[in-house]
Every structure is written in structure tokens, then in C-alpha cells.
Amino acid sequence: MVKYVIRGGKPLNGTVVISGAKNAAVGILPATLLVQGVCRIENVPDISDIRLLLQILDEMGAGIRRLSANTVEIDCSHVRDSVAPIELVRRIRASYYLIGAQLGRFGHAKVALPGGCNFGPRPIDQHIKGFEAIGATVELNNGYVCATAPENGLSGARVNLDVVSVGATMNIMIGAVLASGTTYIENAAKEPHIVDLANFLNAMGAKISGAGTDVIKIRGVRSLHGGFYSIIPDQIEAGTYMAAAAAAGGDVLIQNVIPKHMECITAKLREMGAKITEYEDAIRVVSNSRLRRANVKTLPYPGFPTDMQSQIGVCMALARGTSIITESIYDTRFRYCGELNRMGASIQVDTKVAVIDGVEKLHGCAVKACDLRAGAAMVIAGIAADGVTTVEDAHYIERGYETMIEKLRGLGADITRVETPDKEAVRSAG
Ligand code: EPU
């Protein structure tokens with residue numbers, strides 16, 4: 001069990017360097033299954049979700065060489081058709097990209113239904129709709145998704161998504177790259193990591209255009225070759241440090257960001273009173289007075305990301321006046337509000353809406369990380385609060401934030417990681 005202990009109440013000052021984008025990397029790594037040759041990938045975040053995916057690929061027979069903490073070479077040329085190990089697959093939601101990758105590479109896939117962060121039902125019907133459109137037969141058997149291409153292979157088609165889905169857009173793209181003919185994904189998601197996956201695949205020989213718009217065109221190619229790629233910086237990690245600086249106060253320079261990707265987060269924090277300067281690949285956040293109230297609604301990109309909802313929620317909990325958050329992507333992503341209320345926040349949640357009456361101060365206590373981003377929000381709250389906050393279940397945070405403790409300490413935060421043997425392990429060892 002991992003917990004973070006934070007002695008809060010001090011502003012943040014200094015520079016933090018952002019890692020590679022988790023949600024790009026979790027698509028790109030499975031997509032290397034399609035490639036005959038060595039992919040050298042830089043700026044891979046060293047986080048637990050990525051370590052798991054590398055372990056899955058390794059167990060499937062990929063050649064994996066870590067050249068440094070953030071550079072990895074993956075060679076899937078000799079991977080044989082195999083079932084990805086279920087006990088690993090079920091620990092990470094993004095293992096659903098193995099369905100598209102195995103289907104594209106071997107003509108069939110068998111992947112355990114994904115696990116991952118728990119905030120309401122997260123169906124994959126749109127992924128399946130896409131695979132079926134390009135000719136696959138998809139069945140759910142005993143907790144596995146089984147997809148099979150017809151004898152003459154997958155063939156390009158038009159897929160119109162019923163909901164804008166990041167996962168379905170990326171998975172269909174992966175599945176269709178080696179299909180014959182042309183696939184169009186209509187009503188596609190436009191997040192920066194969609195563009196990054198398309199750029200990665202194109203660097204390996206794919207013919208994808210339109211990524212970043214709502215229609216993506218994939219002209220099938222016969223094979224992909226090895227090559228070099230560098231993953232984009234993580235939009236949500238950068239936004240998390242922006243929100244931390246705004247909530248705790250201080251002066252923080254956030255380096256290795258693409259300011260264009262941050263626009264709606266920058267705009268919201270400016271509206272709340274933070275002073276934000278954009279540079280070519282950095283953003284500076286200065287916050288030296290109490291934030292102002294604001295409203296926000298989560299939306300697909302370029303709207304305000306659901307993955308930043310809890311972090312901006314902490315800013316609002318400390319702002320002057322009443323703020324409203326409307327969560328339009330997920331049903332139960334407000335569980336962190338109960339934890340924040342334990343720290344003295346005043347938040348009422350009604351299904352998809354949170355009404356936040358800002359308070360002047362939060363007070364440290366024991367809270368839980370309910371999921372990855374909720375955990376990040378608790379850390380921000382702990383840094384901004386008086387007294388000592390312990391964030392339990394911090395392993396969630398480590399799924400998606402590289403060296404968060406070191407990065408925050410570099411900004412002057414008093415934060416320590418404490419690992420204790422988990423109760424189950426103690427019980428079974430005893
Ligand atoms: N949806 C469906 N059917 C589908 C797919 C999605 O109804 O087949 C619905 C979902 O239930 C949700 C909406 O569509 O209401 C959007 O879901 P999306 O598919 O975009 O989400 P996802 O692919 O499951 C990814 C990220 C999430 C992030 C969302 C939204 C990964 C591994 N996960 O999830 O990231 O919240 O996109 O941007 O890329 C995180 O990083 O903390 C995280 C949870």
C-alpha cells in the first residue's frame with residue numbers, strides 16, 4: 001500500500017519538466033505489434049501503466065530494450081499469435097488497444113475485458129462497432145473479447161461513432177492500418193494523443209490523414225516498418241501542475257508542454273485569476289491572491305478535459321464564491337468531492353453536477369485517492385491545505401504521473417512517499 005504524506009500550506013516555486021503523454025503512450029505501445037522492425041520510442045513516461053504494457057508485450061514475445069528511463073526499443077517482428085496474459089491485461093484499461101493491434105497483426109484477437117480506473121460504466125461498444133465495420137466478427141466469451149477477421153482479411157469501411165470516444169477512435173485506427181482499402185472514422189475524437197498515435201503510425205509507414213479533425217482517413221498499407229518516434233508531452237500532467245500552482249499559490253514554470261494543447265485549461269485558470277504566460281514550449285503560472293469562482297463543463301477536446309475536472313475542482317473549492325462543475329463524459333467522477341469535504345471544502349454533488357462554495361482554507365486529514373486524477377486532486381489539496389494530509393491508495397497516482405514526489409519536492413512541497421506491505425500480502429504471508 002502506498003500513501004503520500006504532505007505537510008501543506010507553502011506556495012510552490014520553481015520549474016517542473018513534463019513527461020511524455022500517458023494516453024498517447026498507452027496506444028502507441030500496443031500499436032508496435034503491427035510493426036515489422038524496431039521502433040525506437042522516446043519520451044515514454046516511466047509510470048506503472050506503461051511498465052505493465054511493456055511487461056505484457058514482453059510476455060507476448062516482443063524484444064524490449066530500455067535505453068534509458070524514457071527511451072525504449074520495441075521489436076515485435078517475432079511475436080507469435082498469443083493471448084495477452086490475463087492477470088496483467090485486467091490491471092490496465094488501455095489493454096483494449098491490444099484488440100485492434102492483434103486483430104490487425106494476426107487477423108484475430110483474444111483479450112480479457114479491460115479493468116482500469118473505476119468511475120462508472122465504461123463500455124467498448126464503439127470499438128466493437130468499428131471492428132465489425134471493417135469486417136471482423138466480435139464475440140464476448142467468458143470475460144474475453146474475441147475478434148476475428150474474415151478469411152480474405154479486414155477491409156476499409158466508413159465508421160460513424162455514436163459517441164466521441166478517444167479509445168474507439170484510436171483502436172479502430174490501429175485495427176484499420178493494415179486493412180485493404182480505405183477506412184473513414186467519422187465523429188472521431190480530436191485529442192492531442194489521437195494525432196500523436198496517427199503521427200507514430202505514419203512514421204512507421206501508415207497512411208493516415210485528418211487526425212485532429214472529426215473525420216480520419218486511413219488508407220490501408222501492406223506492412224509497417226521500424227523507425228523512430230518521440231511522444232508528445234502530457235497535457236493532463238501539465239494541467240495538473242498548473243492547477244497545483246494556482247491552488248497553492250506561487251510561481252511555477254512548466255517546461256516541455258505544447259501550449260496549444262493547454263488552451264482551455266489556461267483560459268479557465270486565467271478566468272479564475274491566475275497569471276499565465278505562454279512560451280514556445282513552456283507555461284508560467286503565477287498565483288498570489290485568492291482565486292475567483294468559475295463554472296466549467298467537461299467536453300471532448302478541444303473542450304475542458306474530464307481528466308482535469310478534479311484538479312480544477314480543488315481550485316474552485318478554494319476560490320471566492322460559488323462554482324459549478326458539470327461532468328458530461330462520465331457518470332461517477334465526483335467521488336473525490338466527499339474526500340475534499342473531509343478537508344473542509346463545501347461541495348454538493350447531484351449526479352453530473354457539483355456545486356462548490358469556495359472556502360478560505362482546507363485542512364489536512366487522511367483522504368483516499370479514488371482514481372488516478374482524483375488522487376492528483378488530493379495531492380493538490382494537501383499542498384494547499386494547512387496541516388498534514390495523507391493520501392491513501394496513492395498507487396493510483398503512480399499509474400499516470402511520473403516521479404510526482406520528486407517533481408513536487410523540486411517546487412518546494414513537503415511530500416513523502418510511504419509504502420507499507422499490503423494487508424492481503426501480510427495475511428497470506430502469515
Ligand atoms: N463510450 C461509450 N462506448 C464506447 C466507448 C466510450 O459509450 O465504446 C463513452 C464512455 O462511457 C464515455 C465517453 O464515451 O462516456 C468517452 O469515453 P472514451 O472512450 O473517450 O474514454 P476512454 O477511451 O475509455 C480515455 C482515457 C481516459 C479519459 C477519456 C476521455 C485512456 C486509456 N483513457 O478513456 O483517461 O478520461 O479517454 O478523455 O486513454 C485518465 O487518464 O485518467 C483517464 C481516465
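Both counts, for ligands and for their atoms, begin at 1 and track the order of listing. Computation of the quantities below employed the complete heavy-atom set of this structure, encompassing side-chain atoms and omitting hydrogens, waters and symmetry-equivalent molecules.
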Participant: For L372, is at least one N or O under 3.5 Å away from an N or O on ligand 1?
Facilitator: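 There is no such contact.
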Participant: Is the closest heavy-atom distance from Y96 to ligand 1 below 4.0 Å?
Facilitator: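 In this structure, Y96 qualifies as a contact of ligand 1 - some heavy atom is under 4.0 Å.
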Participant: Within this structure, what is the CG-CD1 distance for the pair L113 and I124, rounded to the nearest 0.5 Å?
Facilitator: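 With rounding to 0.5 Å, CG (L113) is 5.5 Å from CD1 (I124).
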Participant: List the atom of T213, the atom of G210, and the distance in Å for their closest heavy-atom pair.
Facilitator: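 Looking at all heavy atoms of both residues, the shortest contact is OG1-O, 2.7 Å.
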Participant: Counting only heavy atoms closer than 4.0 Å, does ligand 1 sit against the backbone of M308, its side chain, both, or neither?
Facilitator: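 Neither part.
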Participant: Using distance alone, determine whether D307 and ligand 1 share an N or O pair under 3.5 Å.
Facilitator: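 Among all N and O atoms of D307, at least one is under 3.5 Å from an N or O of ligand 1.
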Participant: Quick one: do D234 and K22 make a salt bridge, cutoff under 4.0 Å?
Facilitator: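 Looking at K22 together with D234, the answer is no, because their closest N to O distance does not fall below 4.0 Å.
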Participant: Quick one: do K3 and E392 make a salt bridge, cutoff under 4.0 Å?
Facilitator: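 No, K3 and E392 are not salt-bridged.
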Participant: Show, in sequence, the C-alpha distance, side-chain angles and deciding distance for Y401 and T240, and conclude whether the side-chain hydrogen bond (donor to acceptor under 3.5 Å, both in side chains) test is met.
Facilitator: CA-CA 10 Å; Y401 288 90; T240 300; 2.7 Å; yes
Participant: Taking 4.0 angstrom as the limit and counting only heavy atoms of G167, give me the atoms of ligand 1 inside it, by number and element.
Facilitator: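 By the 4.0 Å cutoff, the relevant atoms are 19 (O), 23 (O).
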Participant: Answer side chain, backbone, both or neither: which part of Q126 comes under 4.0 Å from ligand 1, heavy atoms only.
Facilitator: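 It is both backbone and side chain that touch ligand 1.
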Participant: Ignoring angles and geometry beyond distance, decide whether V26 reaches within less than 3.5 Å of ligand 1 through its nitrogen or oxygen atoms.
Facilitator: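 V26 vs ligand 1: no N/O contact under 3.5 Å.
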Participant: Looking at R333, which atoms of ligand 1 are within less than 4.0 Å of one of its heavy atoms?
Facilitator: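 Those of ligand 1 that fall under 4.0 Å from R333 are 36 (O), 42 (O), 44 (C).
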Participant: Please state which part of K129 comes within less than 4.0 Å of ligand 1, counting heavy atoms only: side chain, backbone, both or neither.
Facilitator: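 No part of K129 comes within reach of ligand 1.
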Participant: Atoms of ligand 1 less than 4.0 Å from I124 heavy atoms?
Facilitator: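 So the answer, numbered in order with elements, is 4 (C), 8 (O).
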Participant: Do the numbers put R158 on top of the ring of Y184, so that NZ or CZ is under 6.0 Å from the six-membered ring centre and no more than 45° off the axis?
Facilitator: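 Yes, R158 and Y184 form such a contact.
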Participant: For ligand 1, note which part of T306 has a heavy atom under 4.0 Å away: side chain, backbone, both or neither.
Facilitator: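 For T306, only side-chain atoms sit under 4.0 Å from ligand 1.
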Participant: So that I can tick it off, tell me whether E271 and K268 are bridged by a salt bridge, with the cut-off set at under 4.0 angstrom between side-chain N and carboxylate O.
Facilitator: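 Salt bridge present between K268 and E271.
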Participant: Report the member of R93, R373, E237 with the shortest heavy-atom distance to atom 42 (O) of ligand 1.
Facilitator: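 Answer by nearest heavy atom: R373.
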Participant: Under 3.5 Å between any N/O of S165 and any N/O of ligand 1: does that happen in this structure?
Facilitator: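 Yes; at least one N/O pair falls below 3.5 Å.
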Participant: Salt bridge check, R51 against D58: does any charged N sit closer than 4.0 Å to a carboxylate O?
Facilitator: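 Salt bridge absent between D58 and R51.
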Participant: Within a strict 4.5 Å, meaning less than it, do heavy atoms of the V83 and Y144 side chains meet?
Facilitator: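 SC-SC contact between V83 and Y144 confirmed.
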Participant: Could you say whether the N/O atoms of P123 and ligand 1 ever approach to under 3.5 Å?
Facilitator: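 In this structure, P123 places an N or O atom under 3.5 Å from an N or O of ligand 1.
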Participant: I need the Q235 CD to D196 CG distance, nearest 0.5 Å.
Facilitator: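 The CG atom of D196 is 12.0 Å from CD of Q235, to the nearest 0.5 Å.
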Participant: I need the atoms of ligand 1 closer than 4.0 Å to a non-hydrogen atom of H127, numbered in the order shown.
Facilitator: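 Heavy-atom distances to H127 below 4.0 Å select 8 (O).
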Participant: When rounded to the nearest 0.5 angstrom, what is the spacing between OG in S310 and CD in E327?
Facilitator: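 It is 9.5 Å, given to the nearest 0.5 Å.
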Participant: Should Q255 and T15 be marked as a side chain to side chain contact (heavy atoms under 4.5 Å, CB included) after you check the CA-CA gap, both sets of side-chain angles, and the distance that decides it?
Facilitator: CA-CA 7 Å; Q255 289 183 327; T15 299; 3.4 Å; yes
Participant: Below a 4.0 angstrom heavy-atom separation, can you tell me which part of V163, side chain or backbone, both or neither, approaches ligand 1?
Facilitator: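 V163 to ligand 1: side-chain contact only, backbone stays beyond 4.0 Å.
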Participant: Is I329 in polar range of ligand 1, meaning some N or O pair under 3.5 Å apart?
Facilitator: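 Between I329 and ligand 1 (N or O atoms, distance only) the closest approach is under 3.5 Å.
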Participant: Should you measure from each heavy atom of K22, which atoms of ligand 1 turn up under 4.0 Å away?
Facilitator: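 Counting from 1, the qualifying ligand atoms are 40 (C), 41 (O).
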Participant: Test of understanding: given a 4.0 Å heavy-atom threshold, classify the contact between H193 and ligand 1 as side chain, backbone, both, or neither.
Facilitator: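 Within the 4.0 Å criterion, H193 makes no contact with ligand 1.
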Participant: Could you tell me if any non-hydrogen atom of E327 lies under 4.0 Å from any atom of ligand 1?
Facilitator: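 The answer is no, since E327 has no heavy atom less than 4.0 Å from ligand 1.
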